[in-house]
Every structure is written in C-alpha cells, then in structure tokens.
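Only a predicted model underlies this, so the values are computations on that prediction, with no experimental measurement involved.
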Amino acid sequence: VLSDIMVRGIYLAGGGALIRGWPELFAEALGVPVKVTPDPLTAVVRGTGMILDDLEAYKNALLTSDHELVPTQ
C-alpha cells in the first residue's frame, strides 16, 4: 500500500539500478526513499524462480494481459 512505500521506500532491481545517481534522482523526484536491492543483476531472476517454485501461493498476484488469473496446472 502507499503508506508502506512512503515509509519503506522503493527498491530498484536489474541493471538499471546500477546507473550512477539513479536512486538519488528517483528519491528526489518521488519524495520517498529509494534503495538498490542486494545483487540487483540477479534479483529479478531469483524472484521469478521463487514464484515458479510455488505458483499456487502467488496465483492471485499473477495476471494475464486480459487481467484474468493465470491458470495453474
């Protein structure tokens, strides 16, 4: 929720998170803390792997392009 973002901030992941000055630019523009995740280059892949390991637990968060739940097998 918005209050969580205002308090905890935004975490950047992926290669773009390593662009010099990027977190500070976002923090200034958005007015919330911005942090880079540990090991941002692999964070997205590791998170995707966690979801794929337990699709049932994350099915309500996964949407298709039509905004329907992704069918689980």
Side-chain angles (χ1 to χ4, degrees):
V1 292
L2 182 57
S3 61
D4 289 335
I5 293 171
M6 296 303 291
V7 172
R8 295 184 183 148
I10 296 171
Y11 288 83
L12 298 179
L18 299 176
I19 296 172
R20 194 172 328 152
W22 204 241
E24 296 81 11
L25 178 68
F26 273 112
E28 185 179 322
L30 299 173
V32 298
V34 176
K35 302 167 188 148
V36 176
T37 60
D39 195 14
L41 291 177
T42 64
V44 175
V45 169
R46 286 184 287 118
T48 302
M50 291 167 67
I51 290 171
L52 291 175
D53 282 343
D54 194 359
L55 277 175
E56 188 63 29
Y58 296 100
K59 73 178 179 182
N60 290 332
L62 302 174
L63 301 174
T64 67
S65 60
D66 296 324
H67 302 290
E68 297 175 9
L69 289 178
V70 173
T72 58
Q73 298 176 357

| said: Please check if the number of heavy atoms outside Glu24 that lie under 6.0 Å from its CD is greater than 12. | reply: yes
| query | Got a second to check how far Leu25's CG is from Arg20's CZ, nearest 0.5 Å? | reply | 14.0 Å
| query | Are Tyr11 and Val32 connected, step by step, through hydrophobic side chains (Ile, Leu, Val, Met, Phe, Trp, Tyr) whose heavy atoms are closer than 4.5 Å? | reply | no
| remark: Residues pairing under side-chain hydrogen bond (donor to acceptor under 3.5 Å, both in side chains) where one sits in residues 44-53, two or more places apart or in two chains, turn out to be Thr42-Arg46
| note | Note: Val44 and Ala13 closest approach over all heavy atoms is CG2-CB, 4.1 Å
| request: Check whether Leu55 and Met50 end up in the same hydrophobic cluster, where Ile, Leu, Val, Met, Phe, Trp and Tyr are linked by side-chain heavy atoms less than 4.5 Å apart. | output: no
| field | All pairs passing ring-ring contact (aromatic ring centres under 6.0 Å, His included) where residues 18-50 contributes a residue, at least two apart | value | Trp22-Phe26
| message | Looking at every non-hydrogen atom in both residues, tell me the closest pair between Met6 and Gly31 and how far apart they are. | response | CE-O, 4.3 Å
| request: Mind jotting down which residue pairs meet the ring-ring contact (aromatic ring centres under 6.0 Å, His included) criterion with at least one end in residues 31-60? Sequence neighbours excluded, please. | output: none
| note | Looking only at heavy atoms, the pair that brings Arg8 and Lys35 closest together is O-NZ, 3.1 Å
| query | Mind checking whether Leu12 and Pro40 have side chains closer than 4.5 Å, heavy atoms only? | reply | no
| How long is the span from the CD atom in Glu56 to the CD1 atom in Ile51, to the nearest 0.5 Å? | 13.5 Å
| From Asp4 atom CG to Ile10 atom CD1, the distance as rounded to the nearest 0.5 Å | 12.5 Å
| note | Minimal heavy-atom distance between Val34 and Pro23, with the atoms involved, is CB-O, 3.5 Å
